[in-house]
Structure formats: C-alpha cells, structure tokens
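Please read through the structure below; I'll follow up with questions.
Side chains included, hydrogens not; waters and symmetry mates left out as well; all remaining heavy atoms used. Throughout, residue positions are numbered sequentially from 1 according to the sequence presented. Whatever order the structure lists them in is the order used to number ligands and atoms, beginning at 1.
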Amino acid sequence: MGHSVPLPLIRVLATGGTIAGAQTDRERGYRAAAFSVDALIAAVPQLATLAQIEVEQVAAIGSQDMDDATWLRLAARTQAALDSPAVAGVVITHGTDTMEETAFFLNLVVRSEKPVVLVGAMRPATAISADGPMNLYNALAVAAHPATRGRGVLVVANDEIHFAREIAKTNTTQVGTFASGHRGLAGLVNAGRLHLYAPPVRRHTAASEFSPLAAAAAGAQRLPRVDIVYAHAGMGRELIDAAVKAGARGLVIAGMGDGNLGAVALAAAAEAAKAGVAVVRSSRAGGGVVERNIEVDDDALGFIAADELNPQKARVLLLLGLTRTGDPRALQDLFFAY
Ligand code: ASP
C-alpha cells in the first residue's frame, strides 16, 4: 500500500461580496454577503480534492463598505494564517467592487512568499450559472499550487489569474469584468489546471517595506486620509480645497488624459502641495503611464506622477507611503518601485 501525500492546508478567509450573495427577487436584486463561508465551501464538494480547508469569517460586507479598520484586520488575519507553518496558502473571498484595492493593499503589507489569492463573483450564489463556485475552485487550486509562491497577491476570476498590481474592474456587471491591461495576466486556470506566466517585477509582499500591521496591533484603526478627486472639463477648485480642509494628507487626481487638470484646479492642487499635502497625478483614462513633467511641471509644483497605477491603486500606495514619509521625492520613488 503506497503512502498518499497529504493535501496542502489552505485557510479561507471570508469577507462577503456577491460570491456570498443571495437574490432578493427572481430577476434583478440581490444582497451581498448573505451566505457564510461554510455555506460557500459546502456548495463545492470538489474543493476537498484540492486541499484541506480551514475557514474564518473575517467580515460579511459588500466590498463597497471596505474600510481602513477592515483592511487592517484582514491583513492581520492573513499574516497570522501565513505565519502558521501548517498553512500552505490563503484564499480570501471578497466582493469585486474593491477587489483590486484590497488585493494591492495586501500585496504591499503582507510578509510571506506563500500564495494569497482573492476570489469573488459577479453573479450571486443563487443565480443561474453562478460564477462563484468555479472561481472558488480555481482560486483554491492556485493557492494550493507550489509554483504560485513568491508571485505576490493574486486574484482569480473567470479562468484568469491576475496580479494585484495589474488588475482592474472594467465592467459593471459582466463576468469578464477584470482586466490586467499594462503588464498582462499572471496566468490562466482551467478547471484547476494552472498555466503560469512571468512573475511580477515590482516589489511586493516579502520584499515590501510597509508595515502598518505593527501600528494596527497597537490599536490604530485608521490609515492616513487620502482622497481621490475626479477631473473633468470645466472643473473648479472647490473639491480640492474641500479635501484639504477635511484633513487629507494625500490627494490623488484622476486626471484627464496624461493626468491633467485645467488651470483653475491645477492652481488649487499646487497650493495643496505647497501646504504639504502629497498630490499624485493619476489618470481617469483607464490605461497608460502618467510620466513626470510632460504637460505639468511636477518638479516646480511638487507633484508626484502615478506611473502605471490607476487612481484607486495610487491611493493605496500613497496612504501606505504616507505612513513612512511626506517627502514628494521619496513618495515618487515608491511609485517607481511598487
Ligand atoms: N458590490 C459587490 C461587492 O463588491 C459586487 C461583487 O461582489 O461583485 O461586494
């Protein structure tokens, strides 16, 4: 009789989202986070062929309600799981609305080579042809596979594996919502079979310098306030002034095109930067690089260029950067490193 190799132990941390959603009427409405993690696991008996599973319900929210305190708690629970020698990897069930922000946050604060895989669904668990069960199966296969170590935090959906830094939600409702436009996919996963592509080149997880978990352990519930201001034709300065007045330490501009603002708003942003608020120029365009000093004189105005990060990701990096420095030059270096 041969010895069978025990399956890897994966801890599943649940936070809610549509993957745990239940329809409230037959055609349209649904409520996110209606089902517990136990119910989600029980609905896919095939998971037991991939891994031994431990579960923990960290939150039960639609991810539009994700906030600093929940991020810090989730990061702490993820780190605790990864620090357990018995655990091979972590799967996190999460709503798709802020999936990219949570994934990037964890990618910057979690210290481990072990895989961390976020997974969600676009259709609630009770829908016809719900996408959650296969996504969960694939996510578990990715987390249980030794080759996914060292690739940073990943997201699995619709048979694709995305890097936390690259993924963006690009469609309101369709199952193919996620795209990784700049540097491409981390891989594909077909019914649990992995096809992995090149690993990420920017710093993440074990090589990251951010450590808000120590602050959280000391009781901190909040991260530095960073607001996003969306630019548009005919924009005034009022929203920028209001953010500064509300105590923002950082401001991300979802700029037009190459991170641009009209003259009125630009003057307000320049005043904010002069007053010590970190101003990052990102773009509302949905793709491309925002470089320094192209149409805006970042050197003179003290701005930071977001490089490849979309506004919501730039916000995550900026708020973590502000836990270490307020110097725009040092913050700019972070946008080229992560
Ligand atoms: N609003 C939901 C959420 O982000 C959408 C989803 O999960 O797909 O929790």
Side-chain angles (χ1 to χ4, degrees), residues 12-41 43-44 55-75 77-78 90-107 116-140 142-143 153-181 185 189 228 254 286 310-313 315-316:
V12 178
L13 306 180
T15 70
T18 295
I19 191 169
Q23 290 158 299
T24 49
D25 70 50
R26 253 189 317 183
E27 278 158 15
R28 293 181 64 84
Y30 73 93
R31 193 163 58 83
F35 291 109
S36 72
V37 59
D38 295 304
L40 293 188
I41 302 284
V44 194
V55 298
E56 186 178 330
Q57 190 85 43
V58 176
I61 56 174
S63 74
Q64 57 270 44
D65 287 319
M66 190 52 71
D67 58 13
D68 289 359
T70 313
W71 265 352
L72 291 168
R73 193 166 71 245
L74 179 61
R77 297 314 303 152
T78 303
V90 168
V91 168
I92 300 172
T93 60
H94 195 288
T96 60
D97 286 358
T98 57
M99 180 90 88
E100 64 201 84
E101 287 153 83
T102 300
F104 192 46
F105 180 75
L106 295 174
N107 195 52
V116 175
V117 181
L118 276 77
V119 63
M122 292 300 286
R123 299 182 183 139
T126 55
I128 298 171
S129 192
D131 51 335
M134 182 55 92
N135 285 349
L136 187 57
Y137 183 83
N138 280 335
L140 208 76
V142 170
V153 173
L154 302 170
V155 178
V156 168
N158 201 32
D159 299 351
E160 294 176 338
I161 312 168
H162 297 260
F163 293 119
R165 181 179 182 274
E166 310 306 324
I167 187 171
K169 188 173 188 179
T170 65
N171 186 286
T172 53
T173 53
Q174 295 185 318
V175 293
T177 186
F178 287 119
S180 283
L185 290 172
V189 51
I228 299 175
N310 69 21
Q312 54 273 31
K313 295 246 178 89
R315 177 179 175 274
V316 171

Legend entry - ligand 1 to Ala121 polar contact by distance, N or O atoms, under 3.5 Å: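 Yes.
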Inset, instruction - Go through ligand 1 atom by atom and flag the ones less than 4.0 Å from a non-hydrogen atom of Gly17. - result: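 Reading through ligand 1 atom by atom, the close ones are 7 (O), 9 (O).
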Legend entry - Interfacing atoms of ligand 1 (cut-off 4.0 Å, heavy-atom, Gly62):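 Result: 9 (O).
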Legend entry - Residue among Leu118, Ile92, Thr15, Val153 satisfying side chain to side chain contact (heavy atoms under 4.5 Å, CB included) with Thr102: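 Per the side chain to side chain contact (heavy atoms under 4.5 Å, CB included) rule, the option paired with Thr102 is Leu118, out of Leu118, Ile92, Thr15, Val153.
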Inset, instruction - Using distance alone, decide if ligand 1 has a nitrogen or oxygen within less than 3.5 Å of any nitrogen or oxygen in Thr18. - result: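 Yes - when backbone and side-chain N and O of Thr18 are compared with those of ligand 1, one distance drops under 3.5 Å.
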Inset, instruction - Please indicate whether any nitrogen or oxygen in Lys169 is less than 3.5 Å from any nitrogen or oxygen in ligand 1. - result: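 No - when backbone and side-chain N and O of Lys169 are compared with those of ligand 1, no distance drops under 3.5 Å.
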Inset, instruction - Can you sort out which atoms of ligand 1 are near Gln64, meaning under 4.0 Å from one of its heavy atoms? - result: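 Listed by number with element, the hits are 1 (N), 2 (C), 3 (C), 4 (O), 9 (O).
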Inset, instruction - Report the residue from Lys169, Arg315, Glu100 that forms a side chain to side chain contact (heavy atoms under 4.5 Å, CB included) with Asn310. - result: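 Passing option: Glu100.
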Inset, instruction - Give, for atom CE of Met122 and atom OG1 of Thr177, the distance between the pair rounded to the nearest 0.5 Å. - result: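 OG1 of Thr177 is found 4.5 Å from CE of Met122.
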Inset, instruction - Evaluate whether atom CZ of Arg73 has more than 12 neighbouring non-hydrogen atoms of other residues, nucleotides or ligands under 6.0 angstrom away. - result: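 Counting other residues, nucleotides and ligands, CZ of Arg73 exceeds 12 neighbours.
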Legend entry - Identity and separation of the nearest protein heavy atom to atom 8 (O) of ligand 1: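 Heavy-atom neighbour on the protein nearest atom 8 (O) of ligand 1: Thr96 OG1, 2.5 Å.
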Legend entry - Which residues share a side chain to side chain contact (heavy atoms under 4.5 Å, CB included) with Ala130, sequence neighbours left out: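 Ala130 satisfies side chain to side chain contact (heavy atoms under 4.5 Å, CB included) with Pro133 once adjacent residues are dropped.
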Inset, instruction - Could you pull out the closest heavy-atom pair between Leu136 and Val91, with the gap in Å? - result: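 So the two residues come closest at CD1-CG1, 4.3 Å.
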Inset, instruction - Could you tell me whether Gln64 atom CD has more than 12 heavy atoms of other residues or ligands within 6.0 Å of it? - result: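 Enclosed: over 12 neighbouring heavy atoms sit under 6.0 Å from CD of Gln64.
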Legend entry - Geometric N/O contact Tyr30 with ligand 1, under 3.5 angstrom: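 There is no such contact.
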Inset, instruction - Identify, for atom 9 (O) of ligand 1, the protein heavy atom at the shortest distance, and state residue, atom and that distance. - result: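 Residue, atom and distance for the closest contact: Ser63 N, 2.6 Å.
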